[in-house]
Visitor: 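Could you have a look at this structure, given as structure tokens, before my questions?
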Amino acid sequence: MRIATFNINGIKARLPRLLEWLEETRPAVACLQEIKSQDEGFPAEAFEKIGYHAIWHGQKSFNGVAILADGVKPEETQRGLPLLPGDEEDPQSRYLEAEVNGVRIACLYLPNGNPQPGPKFDYKLAWMRRLQARMRELWQLERPTIVLGDFNVIPEAKDTFSVRAMADDALTQPESRDAYRRLLGDGWTDALDTLNPRGGVWTYWDYQRGAWQRDHGFRIDHCLLSPELADRLVSAGVDKEYRGREKASDHAPVWVEITGT
DNA sequence: ATGACTAGGTGTCCTAGA
């Protein structure tokens, strides 16, 4: 089965591209980020029409995540990350989790954190602490689990076209990278990195500065596998071609192929 | 050195993205 993640940057603006991608690559599960739509504006019928059932967690203007599954309705297991002691209620829609065909799917849109330092960066780091706590709970279940989405972290130097250009960005700060490394330190497998250890694989290209034409990208969309799924990993990749189409998102879809249904 | 693009909301500019 193929499980994919795609930061679509607006579900209204991207719907034709999104339907096209679903029909052409037919992932069993597709996690979406930045739907930028309120719950009532989510175009569930358009997905139903091509055989996908969806759950979603929307928000006005910004953020918003959704999980689509081919021929089966995702069974929601968590909406928003559980709060840690001292945390205030999180008003942003960035996390949605479900069970699909015996696999636990955690779809996330991690805060960008710019500008740093500042409150947005603090929010990002606090969000990553909550994420780690949730991932430890998932780990305890000892079940096939994948945590995927837009992590807004460039894990290492090999994951960006230019270390210098990104030096002051929240995506490359030591605090962001350390927090990501701590997630992996719990035992999760970064699928794309494991299969491309030399790096140079991008999942995002800025709209500005001709970044796409110059292949100035970086890797921020990740798929983390529990041991139960890592053992079943066949391949992983980026549907880079979709970044070059008309009215494209600034991210490309990322996917993993897992043995079994 | 700077700005450059895109989407959304309610706008003729602002915020946010990364």
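Within every chain, numbering begins at 1; the chains are lettered A, B, ... in the order of the sequence lines, protein sequences first and strands thereafter. Since this is a predicted model, take the numbers as computed values, not measurements.
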Visitor: Among the nucleotides B/dA4, B/dG9, B/dA18, which one has an atom lying closest to any side-chain atom of A/Arg209?
Guide: B/dA4
Visitor: Separation of A/Tyr204 atom OH from B/dT6 atom P, in whole Å?
Guide: 11 Å
Visitor: State whether A/Glu45 and A/Lys49 are salt-bridged, where the test is any N-O pair (Lys NZ or Arg NE/NH1/NH2 against Asp/Glu carboxylate O) under 4.0 Å.
Guide: no
Visitor: How is A/Phe151 classified with respect to the nucleic acid when contacts are heavy atoms under 4.0 Å: base, sugar-phosphate, or nothing?
Guide: nothing
Visitor: Within a 6.0 Å radius of atom CD on A/Glu24, are there more than 12 heavy atoms belonging to other residues, nucleotides or ligands?
Guide: yes
Visitor: Would you say B/dA7 has OP1 or OP2 under 4.0 Å from some side-chain N or O of A/Arg14?
Guide: yes
Visitor: How many Å lie between OH on A/Tyr109 and P on B/dA7, as a whole number?
Guide: 14 Å
Visitor: Considering only B/dA4, B/dA18, B/dG8, which nucleotide approaches the side chain of A/Lys36 most closely?
Guide: B/dG8
Visitor: Do A/Asp90 and A/Arg130 meet the salt-bridge criterion of a basic N to acidic O distance under 4.0 Å?
Guide: yes
Visitor: For B/dT2 versus B/dT6, give the span between their P atoms, rounded off to a whole number of Å.
Guide: 23 Å
Visitor: Determine the interatomic distance between C1' on B/dA16 and the same-named atom on B/dG11; round to the nearest Å.
Guide: 16 Å
Visitor: A/Arg177 has an atom CZ; how far is it from atom C1' of B/dA18, in whole Å?
Guide: 14 Å
Visitor: Which nucleotide, B/dT6, B/dA18, B/dG9, lies nearest any side-chain atom of A/Tyr207?
Guide: B/dT6
Visitor: Base, sugar-phosphate alone, or nothing: which one does A/Arg214 contact when heavy atoms must sit under 4.0 Å apart?
Guide: nothing
Visitor: Could you measure between the two P atoms, the one in B/dG3 and the one in B/dT12, and give it in whole Å?
Guide: 22 Å
Visitor: Is the distance from OP1 or OP2 of B/dA18 to the nearest side-chain N or O of A/His251 less than 4.0 Å?
Guide: yes
Visitor: Atom CD1 of A/Ile8 to atom C1' of B/dT6: distance rounded to whole Å?
Guide: 14 Å
Visitor: A/Asp206 CG to B/dA7 P: how many Å, rounded?
Guide: 13 Å
Visitor: When you measure from the side-chain N and O atoms of A/Arg94 to the phosphate of B/dG17, is any distance below 4.0 Å, counting only OP1 and OP2?
Guide: yes
Visitor: If I take atom CG in residue A/Leu110 and atom P in nucleotide B/dA18, what distance separates them, rounded to the nearest angstrom?
Guide: 10 Å
Visitor: Taking only the C1' atom of each, what is the distance from B/dT15 to B/dA1 in whole angstrom?
Guide: 25 Å
Visitor: Could you check how far CD of A/Gln59 sits from P of B/dA16, rounded to whole Å?
Guide: 11 Å
Visitor: Establish, for the pair A/Arg177 and A/Tyr180, whether the NZ or CZ atom is under 6.0 angstrom from the six-membered ring centre and no further than 45 degrees off its axis.
Guide: no
Visitor: With the side chain of A/Lys120 defined as its heavy atoms from C-beta on, choose the nearest nucleotide among B/dG8, B/dA18, B/dA16.
Guide: B/dA16
Visitor: What contact category does A/Asn152 fall into here, base, sugar-phosphate, or nothing, at under 4.0 angstrom with non-hydrogen atoms?
Guide: sugar-phosphate
Visitor: Just N and O in the side chain of A/Lys247: are any of them under 4.0 Å from OP1 or OP2 of B/dT6?
Guide: no
Visitor: Does a nitrogen or oxygen in the side chain of A/Asn7 sit under 4.0 Å from OP1 or OP2 of B/dA18?
Guide: yes
Visitor: Below the 4.0 Å mark, does B/dG17 have OP1 or OP2 next to a side-chain nitrogen or oxygen of A/Asn112?
Guide: no
Visitor: Determine the contact category for A/Asp168: base if any of its heavy atoms lies under 4.0 Å from a base atom, sugar-phosphate if only primed atoms, P, OP1 or OP2 are that close, otherwise nothing.
Guide: nothing
Visitor: Please name the residue in the list A/Val254, A/Asp159, A/Val238 that meets the side chain to side chain contact (heavy atoms under 4.5 Å, CB included) test with A/Arg219.
Guide: A/Asp159
Visitor: Is any side-chain N of the basic residue among A/Asp215 and A/Lys240 closer than 4.0 Å to the acidic one's carboxylate O?
Guide: yes
Visitor: Can you measure A/Leu171 atom CG to B/dA18 atom P for me and round it to whole angstrom units?
Guide: 8 Å
